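Here is the structure we will look at, set down as structure tokens.
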Amino acid sequence: MPVRGWIEIDERYCKGCELCLNACPQSVLSLDMDRLTPKGYHPAQLSADGCTGCAICAIVCPEAAITVYREVSTRRARSIAA
Amino acid sequence: MPVRGWIEIDERYCKGCELCLNACPQSVLSLDMDRLTPKGYHPAQLSADGCTGCAICAIVCPEAAITVYREVSTRRARSIAA
Amino acid sequence: MQTEIVIAGFGGQGILFAGQVLAYAAMDSGKEVTWIPSYGPEMRGGTANCTVIIADEEIGSPLVRNPKGVIALNLPSFDRYESLVVPGGILIVNASLVNRAVQRKDLKSILVPANEIAESLGDKRLATMILAGALLVYLPVLPVEAVEKALRDHLPERHRKLLPLNFKALRTGADFALKATLSPLSSQN
Amino acid sequence: MQTEIVIAGFGGQGILFAGQVLAYAAMDSGKEVTWIPSYGPEMRGGTANCTVIIADEEIGSPLVRNPKGVIALNLPSFDRYESLVVPGGILIVNASLVNRAVQRKDLKSILVPANEIAESLGDKRLATMILAGALLVYLPVLPVEAVEKALRDHLPERHRKLLPLNFKALRTGADFALKATLSPLSSQN
Amino acid sequence: MTRQLLKGNEALAEAAIRAGVEAYFGYPITPQTEVLEYFSKRMPELGRTFLQAESEVAAINMVYGAACTGTRVMSSSSSPGVSLMMEGISYIAGTEVPLVLVDVMRGGPGLGNIAPSQGDYNQIVHGGGHGDYKPIVLAPASVQETIDFMDLAFDLAEKYRAIVVVLMDGNIGQMMEPAELPPMRPVVRSEPDWAVTGAKGRERRILSSIYIQPEEEEIVNIRLLKRWNQIEANEVRFKEYFVDDAELLVVGFGTAGRISLSAVRAAREEGIRVGLLRPITLSPYPYARIRALAGQIKGMLVVEMNSGQMLDDVIRAASGRVPVEFYGRLGGMVPFPDEVLEEIHRMAAQPASPNGNPRESWMKRLAIIEG
Amino acid sequence: MTRQLLKGNEALAEAAIRAGVEAYFGYPITPQTEVLEYFSKRMPELGRTFLQAESEVAAINMVYGAACTGTRVMSSSSSPGVSLMMEGISYIAGTEVPLVLVDVMRGGPGLGNIAPSQGDYNQIVHGGGHGDYKPIVLAPASVQETIDFMDLAFDLAEKYRAIVVVLMDGNIGQMMEPAELPPMRPVVRSEPDWAVTGAKGRERRILSSIYIQPEEEEIVNIRLLKRWNQIEANEVRFKEYFVDDAELLVVGFGTAGRISLSAVRAAREEGIRVGLLRPITLSPYPYARIRALAGQIKGMLVVEMNSGQMLDDVIRAASGRVPVEFYGRLGGMVPFPDEVLEEIHRMAAQPASPNGNPRESWMKRLAIIEG
Amino acid sequence: MTTNAPTELVYQRPESFTETVTHYCPGCTHGVAHRLVAEVLDEMALRERTIGVASVGCSVFAYNYFSCDFVEAAHGRAPAMATGIKRVLPDRVVFTYQGDGDLASIGMAEIVHAAGRGENITVIFINNANYGMTGGQMAPTTLPGQKTTSSPYGRDVEQMGFPIRMAELLATLDGAGYIARRSLHDPKNIRQAKKAIRLAFEAQVRGSGFSMVELLSTCPTNWGMTPVEALRWVEERMIPAFPLGDYKTME
Amino acid sequence: MTTNAPTELVYQRPESFTETVTHYCPGCTHGVAHRLVAEVLDEMALRERTIGVASVGCSVFAYNYFSCDFVEAAHGRAPAMATGIKRVLPDRVVFTYQGDGDLASIGMAEIVHAAGRGENITVIFINNANYGMTGGQMAPTTLPGQKTTSSPYGRDVEQMGFPIRMAELLATLDGAGYIARRSLHDPKNIRQAKKAIRLAFEAQVRGSGFSMVELLSTCPTNWGMTPVEALRWVEERMIPAFPLGDYKTME
Ligand SMILES: Cc1ncc(C[n+]2csc(CCOP(=O)(O)OP(=O)(O)O)c2C)c(N)n1
Ligand SMILES: Cc1ncc(C[n+]2csc(CCOP(=O)(O)OP(=O)(O)O)c2C)c(N)n1
Ligand code: SF4
Ligand code: SF4
Ligand code: SF4
Ligand code: SF4
Ligand code: SF4
Ligand code: SF4
Ligand SMILES: [Mg+2]
Ligand SMILES: [Mg+2]
């Protein structure tokens with residue numbers, strides 16, 4: 001089973017360029033068409049389940065707007081705790 | 001028998017640099033130590049027999065000071081005349 | 001008689017073009033006119049604005065401190081120009097990007113959700129044209145027909161297909177303005 | 001009291017250096033002095049000259065129109081400076097490169113075959129030093145000893161081996177001058 | 001001809017084309033880039049030369065080369081780019097070949113900004129490249145004038161084998177106004193008798209700015225000076241508004257002049273007897289006219305978009321005969337007409353002394369404005 | 001210290017070293033090359049930075065970089081090379097970092113020649129780079145002054161975060177004279193609070209000449225102006241000779257000043273009451289002193305090795321209170337003292353009118369000279 | 001999304017970034033290049049001893065986004081300015097960030113000589129095949145036939161010459177220590193670009209001389225494309241003309 | 001010498017030369033390079049349609065020696081000036097004559113871009129490993145360890161970088177049509193140099209784009225050698241650093 005992850009998109013930075021949407025292997029990103037950032041862009045959002053925390057969206061984001069988190073698998077969690 | 005040739009050195013141009021002396025395969029050139037050009041140089045001169053008119057001195061002369069002549073061999077003289 | 005219009009917002013909102021359309025319309029209506037832009041170094045999203053002056057005689061300064069009409073397409077422009085509109089002037093605000101009300105009581109103002117309307121028309125670059133339609137309702141320096149003619153005559157060849165949309169934007173803006181609550185005249189709610 | 005000396009000829013004749021030696025000698029003798037060069041763009045064979053002014057008090061202009069002493073190392077310099085030497089001044093001419101006589105009668109002049117002498121001493125760059133030796137005989141602004149001391153103290157390290165030759169050049173020039181026909185004083189032949 | 005709505009930068013390019021410019025070399029820089037872009041489109045259509053150079057240094061030296069062939073050629077740039085052209089400009093001056101250069105000034109010094117400015121007046125009019133030379137400097141104040149002055153620029157440059165700079169602030173380049181273009185002139189390829197074109201059937205020609213003998217360089221310098229005297233005698237140009245009965249005179253060029261015109265009109269409406277002199281040639285400067293007016297009026301106000309660079313020339317012209325005051329905005333700021341009007345009010349109310357320091361008193365007033 | 005026979009160019013380099021210059025970037029050009037060559041020898045000995053740049057453009061931008069770190073740094077060049085530095089100089093002015101630049105002028109415009117000249121006065125004092133800025137300009141007239149002014153140059157540049165140009169004609173650079181060097185100052189690496197050195201344990205710093213908002217650029221421009229007012233108030237320098245009882249005043253800087261001194265001395269010997277003012281700061285210019293002297297004397301003679309560039313400043317200072325005359329040689333020509341003396345004779349014999357055009361009347365006299 | 005499982009932070013905005021929002025157009029990969037540099041500065045802990053040199057181009061305000069010391073150079077002269085800094089502060093890390101107009105057009109002499117001298121600086125070179133900031137004019141890197149605002153009929157190589165390949169050109173110089181070309185058009189290439197940037201900074205820290213990473217980057221605005229289309233254009237059009245790879249490495 | 005046999009003229013001063021005596025130092029091979037260009041102009045009968053562009057360096061007065069039209073460019077800018085001329089007079093033959101300080105130092109941007117644009121001009125490039133005219137300072141071509149007046153301790157490659165090989169560098173550019181390096185140190189090489197110069201002019205006449213011949217040349221004065229020693233130095237020291245050959249040819 002794939003790792004579970006999630007992301008946060010800082011709307012101060014996001015310009016709705018869709019590069020993250022285009023890159024996300026899980027296709028879990030979309031633009032929020034109901035909202036506008038102060039600069040007038042529709043920000044990206046995590047809009048479906050299935051994010052693996054692979055950080056590919058963050059790697060392609062030109063605005064460094066994305067923070068990525070991931071559940072630690074039990075084994076790794078143990079090693080982190082150690 | 002090698003062709004016979006001779007050269008003229010225009011003293012307006014010659015700066016006594018010795019490049020022609022150095023290059024002449026027949027070693028028939030020298031500086032005229034008794035004369036000075038208006039610029040204060042001892043000019044080069046043809047100072048021995050044996051010039052073949054090979055024009056090597058002219059090829060190396062940076063001042064284009066040298067004119068080279070050559071006797072035409074009988075065969076070539078004929079073809080020139082024709 | 002001289003009328004000064006400032007259109008101000010971000011680059012990419014069609015501001016400079018809308019101003020030019022007004023200027024063409026003015027010239028073709030036999031008026032004197034100047035159009036002057038001012039922009040930041042950014043290609044997109046930076047400050048962009050333009051001043052259009054329409055007059056009956058030779059125009060001196062192409063810039064004025066206190067314009068008669070202002071279209072503010074974003075919050076910074078709104079913040080800057082609200083205080084500058086001449087008393088009794090017109091202030092048209094893009095409500096999509098402005099989250100506060102007009103403070104001044106001595107001018108006519110309308111808030112138009114131009115981005116939303118533009119997107120509903122199909123192209124967000126129409127925002128300024130919508131607001132221009134609204135402006136001309138209350139600052140009748142040019143008939144809408146003259147502006148439409150200017151659009152028809154001067155829209156670059158490659159954008160010719162956008163002509164109907166631009167007409168629609170102008171009309172939609174005008175309609176919105178006619179129906180809208182004009183503050184402060186009929187405001188206070 | 002101010003004495004001006006111009007040394008003029010081609011680059012590569014040791015002109016600037018000879019002038020500097022005079023300047024050093026003057027400074028070391030407690031005088032005020034200026035040395036100023038003027039040269040063409042050529043590295044060799046172009047115009048080169050320098051003016052040395054030796055004075056008892058602060059020197060104003062480092063250049064003068066009519067110098068007291070001139071060393072002319074070639075024909076163009078001779079042509080140019082013959083008319084400029086102050087009446088009663090000294091003109092030392094490099095006879096090796098000048099094929100005409102001095103015209104002016106109101107100055108002292110000597111023709112010295114400096115190139116030939118220099119070559120006989122072994123280095124043609126000594127020409128100017130020879131002529132300087134000659135000049136100092138008739139323009140005794142500095143004792144030859146002071147010049148020799150200046151040479152000793154200021155000849156660049158890498159040329160130190162040329163010191164004896166330079167001394168010899170100075171002396172030979174002086175000797176030649178003493179023996180030479182000074183025109184016009186004893187000329188006309 | 002019909003009036004068209006034209007942008008200054010594009011209008012001047014088209015005007016140059018109609019005046020027969022055969023080659024353009026330039027480099028992009030805001031707020032001048034439309035000039036280059038316009039040429040990039042039009043010149044190939046006409047079979048003429050357009051080349052985007054690798055830099056302003058290269059551009060001016062390409063222009064230098066083309067000018068040496070007797071071809072009508074020009075370049076354009078804005079402040080930092082023009083600074084890079086200084087060596088080339090000096091070479092062109094020394095070689096005595098014609099040059100037309102458009103300089104659309106922006107806020108400085110350094111990278112500054114891209115807002116309109118008049119901060120390079122001194123650079124262009126008084127300083128610039130090394131050596132003793134002076135350019136003719138034309139300052140348009142409207143799109144129509146940019147058009148008209150291009151023609152004039154080429155004619156003057158060729159007539160005097162001189163440098164002509166069309167100097168404008170970014171406003172003039174960026175502004176759109178209705179204007180009329182002249183008809184297309186046929187290109188006449190004449191070969192001036194100094195042009196370097198290949199020594200076919202004639203003596204070879206050399207064009208160079210070297211005069212290694214100072215004596216020769218002095219002669220060239222004097223020739224340039226004498227030519228300059230002619231230019232000063234023949235080519236001074238300016239425009240006057242409401243001066244006949246004026247008691248106060250505003251002096252301003254380019255956009256500052258236009259803004260002043262609005263203020264002067266407003267003041268006239270209030271009954272203040274104020275006029276405007278707008279120099280068109282910043283070099284040669286209308287000294288004589290200003291000196292003459294200095295006798296007629298009670299006070300002068302110089303308005304500039306800089307710290308008072310032309311002011312010094314007005315002071316020299318007025319030579320103490322009338323008080324001169326100054327109002328300026330700097331670094332890309334453009335004064336509004338009301339600011340100038342306020343200055344006119346102030347001067348009308350209490351005339352200054354002729355011995356004051358106009359820049360200092362302006363700075364004091366500014367200090368108040370700045371808070 | 002003992003007197004040494006020193007060449008101007010080398011003396012100034014050694015003086016800069018003793019004043020603690022830590023880095024030099026330059027490019028060869030006659031008649032300045034000895035400065036670069038001297039640094040190439042001495043800086044490595046001292047473990048300091050010497051780099052021959054690929055061009056003057058690169059050199060000034062290297063200096064710009066080093067100056068941003070708060071390091072004492074300088075460059076030197078001559079006329080065409082200085083023209084190439086104009087953009088960089090304007091950037092440095094806009095960034096408000098200190099710059100010391102030595103300019104050893106030669107005959108121009110263009111490639112001109114390598115003879116001494118003062119033809120770049122306007123370029124350096126009034127014009128130069130784009131935008132509103134002014135450099136401090138020091139004009140030495142002897143080898144000793146070149147030495148003394150290097151120290152001063154660094155101090156002024158750092159005190160005011162300003163540009164200081166040591167402006168001299170080729171004569172001063174090429175001449176040898178006895179002079180005294182100061183002792184070696186220890187190099188003190190202080191880090192000014194604006195220097196960019198890596199944000200270790202402090203807020204990061206940015207140095208730039210961009211102020212994209214005209215409002216901000218205006219503030220910077222005004223800051224520069226105010227600083228300039230301080231400089232004008234504190235840093236005017238000049239030297240006077242025989243002025244106390246003078247009826248005629250000669251004004252000349254650098255070599256022209258020295259030559260004038262010889263002429264003035266000769267005239268004094270003849271009993272003519274003539275004095276000399278030799279400006280040391282060409283910018284800020286000694287306006288006030290000249291204005292004051294204009295009240296005392298009957299005539300002024302400006303002597304320059306150019307077409308009368310400083311003349312305009314003297315005229316402005318004199319503001320019509322006294323006749324001003326001019327004598328100049330151009331394009332690398334150096335006047336001899338007898339030429340200046342003759343001018344003094346002429347002026348002593350028949351004073352000119354204050355309203356004449358000194359440049360025109362000089363040109364007429366020149367025309368006679370030139371035949 | 002919340003979870004009870006232990007979580008880890010996989011990616012966050014680099015510390016060498018400030019909080020300022022960039023002025024870049026949406027989707028412009030200038031931002032990606034910035035981020036990679038910031039990440040490398042973070043990872044190598046260089047921020048406090050790094051001095052950046054911004055150039056004139058769309059990245060003119062780079063100094064607003066990095067939290068290290070910064071200067072802003074004249075158009076094309078960043079390598080000279082960086083030289084001035086590095087020579088007097090040799091233990092600091094100095095990098096320039098330059099566009100293709102800046103570096104390959106007006107700044108050609110300065111970049112060639114910085115490389116030739118083996119100047120110990122790092123150059124981040126953004127090749128986006130045009131002049132972004134001034135509105136999309138032709139750059140030395142513009143592709144044959146490409147339309148720009150100053151080559152409206154497409155770049156005619158007969159008149160305007162051929163694209164200049166800077167990595168190849170600079171690699172002929174002995175002073176160049178590390179020179180590579182990478183692309184920013186997809187995650188894999190972005191990762192490789194970051195590695196190259198790291199190698200370049202490592203080269204500088206080691207004192208190996210001049211290092212440069214050329215990055216193929218998008219300009220959606222002036223290319224008239226969406227950001228996603230622009231990535232494809234890089235891949236399909238630019239990479240063939242500007243082959244990726246290492247052009248100079250230290251051995 | 002007189003003879004009764006029929007005689008022929010084997011060599012005489014080219015017609016494309018004027019009668020002016022050069023200002024070059026005795027034995028300086030600038031003169032040889034000039035002569036070869038003049039000979040080629042004669043042979044190709046180009047004199048009347050050729051415009052030369054002199055540069056700033058010892059060859060600044062080149063225009064005095066050639067009997068064709070000539071202009072004199074600013075230091076390093078000859079390729080730009082030549083571009084200006086060639087663009088407006090495309091049927092004329094335009095050549096620049098530049099030294100290594102001029103072309104490879106200050107003029108780097110202009111030469112690279114002229115080559116990159118495939119500018120249809122011919123460049124004669126005199127590499128004499130220093131700045132002759134200003135008294136022998138270091139040039140970009142100065143050899144490692146070579147002492148000059150601005151590298152008095154010898155060129156330290158760590159501080160001053162490595163010699164720049166222009167022929168190799170320019171050959172990376174697609175616009176370059178013919179690029180060769182030759183030497184002037186002996187008769188055989190001089191003959192080959194002339195052939196290359198001829199090929200370069202032929203390339204221009206054919207319209208094949210940018211052509212350049214780099215010529216290794218002596219500077220006896222600043223090298224502190226006799227002219228003959230200087231030839232040897234070219235052969236022994238310069239050729240290994242600047243290999244002779246064709247770097248770009250048309251096929
Ligand atoms: C001397 C000078 N010339 C021209 C300009 C105008 N200018 C600013 S940015 C730029 C081009 C930038 O293009 P590039 O370097 O490719 O950067 P990009 O915007 O594409 O990232 C130009 C020409 C300038 N600022 N200074
Ligand atoms: C802008 C500028 N900088 C510097 C100079 C001074 N200068 C004249 S010639 C020269 C160097 C010439 O060297 P090179 O090109 O190698 O020619 P060479 O004399 O060796 O043949 C320099 C630096 C100048 N004239 N102009
Ligand atoms: S890539 Fe970044 S800026 Fe673009 S849409 Fe996604 S989060 Fe927003
Ligand atoms: S972390 Fe990976 S899966 Fe999650 S949104 Fe980003 S790209 Fe998609
Ligand atoms: S090579 Fe020429 S210049 Fe040299 S010595 Fe021989 S003839 Fe004279
Ligand atoms: S022609 Fe040949 S043989 Fe005769 S002198 Fe010249 S080099 Fe010697
Ligand atoms: S113009 Fe191009 S390079 Fe500049 S920010 Fe926009 S997309 Fe990026
Ligand atoms: S200095 Fe050198 S390059 Fe110049 S002419 Fe003399 S020998 Fe030739
Ligand atoms: Mg780019
Ligand atoms: Mg050389």
Side-chain angles (χ1 to χ4, degrees), chain G residues 75-77 79-80 83 86-87 90 100-121 138-144 151 155-177 179 207-210 241-242 247, chain H residues 75-77 79-80 83 86-87 90 100-121 138-144 151 155-177 179 207-210 241-242 247:
Chain G
H75 192 30
R77 319 306 174 192
T83 297
K86 185 76 181 186
R87 291 281 171 145
D100 43 1
D102 191 86
L103 179 143
S105 191
I106 194 170
M108 179 61 82
E110 287 72 20
I111 195 71
V112 169
H113 284 284
R117 282 193 306 268
E119 211 60 60
N120 201 23
I121 58 171
M138 192 183 76
T141 47
T142 293
L143 300 184
S151 59
R155 182 179 189 154
D156 171 2
V157 293
E158 289 297 312
Q159 291 297 316
M160 307 165 191
F162 295 85
I164 295 184
R165 292 179 298 268
M166 288 307 302
E168 287 84 334
L169 185 147
L170 296 179
T172 66
L173 297 166
D174 292 337
I179 296 198
S208 309
F210 181 85
F242 299 104
Y247 288 89
Chain H
H75 192 29
R77 319 305 174 194
T83 298
K86 186 75 182 186
R87 291 281 170 146
D100 43 2
D102 191 85
L103 180 144
S105 191
I106 193 170
M108 180 62 83
E110 286 73 19
I111 195 71
V112 168
H113 284 283
R117 280 193 305 269
E119 210 59 62
N120 201 22
I121 59 171
M138 191 182 77
T141 46
T142 292
L143 300 184
S151 59
R155 182 178 188 155
D156 171 2
V157 293
E158 290 296 313
Q159 291 296 316
M160 307 165 195
F162 295 85
I164 294 184
R165 291 179 298 268
M166 288 307 302
E168 287 84 333
L169 186 146
L170 296 179
T172 66
L173 297 166
D174 291 337
I179 296 197
S208 310
F210 181 86
F242 299 103
Y247 288 89

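Within every chain, numbering begins at 1; the chains are lettered A, B, ... in the order of the sequence lines, protein sequences first and strands thereafter. All values reported here derive from a predicted model rather than from experimental measurement.
- Residue G:Met108 comes nearest to H:His113 through the heavy atom pair CB-NE2, 3.8 Å, listed as atom of the first residue, atom of the second, then distance.
- Heavy atoms of G:Leu169 lying under 4.5 Å from chain H belong to its backbone as well as its side chain.
- Taking H:Ile111, H:Ile106, H:Ile164 one by one and counting their heavy-atom pairs under 4.5 Å with chain G, the maximum is reached by H:Ile164.
- Looking only at heavy-atom pairs under 4.5 Å with chain G, the residue among H:Ala115, H:Gly175, H:Gly76 that has the most is H:Gly175.
- Heavy atoms of G:Gln159 lying under 4.5 Å from chain H belong to its backbone as well as its side chain.
- Proximity to chain H (any heavy atom under 4.5 Å) is restricted, for G:Ala104, to the backbone atoms N, CA, C and O.
- Highest contact tally toward chain G, considering only H:Ser105, H:Gly207, H:Gly107, H:Pro140, is held by H:Ser105 [criterion: heavy-atom pairs under 4.5 Å].
- Nearest approach of H:Thr172 to G:Arg165, heavy atoms of both residues: O-NH2, 3.4 Å.
- Between G:Arg117 and H:Met160, the closest heavy-atom pair is CG-O, 3.9 Å.
- Among H:Arg87, H:Glu110, H:Glu158, the residue with the largest count of heavy-atom pairs under 4.5 Å with chain G is H:Arg87.
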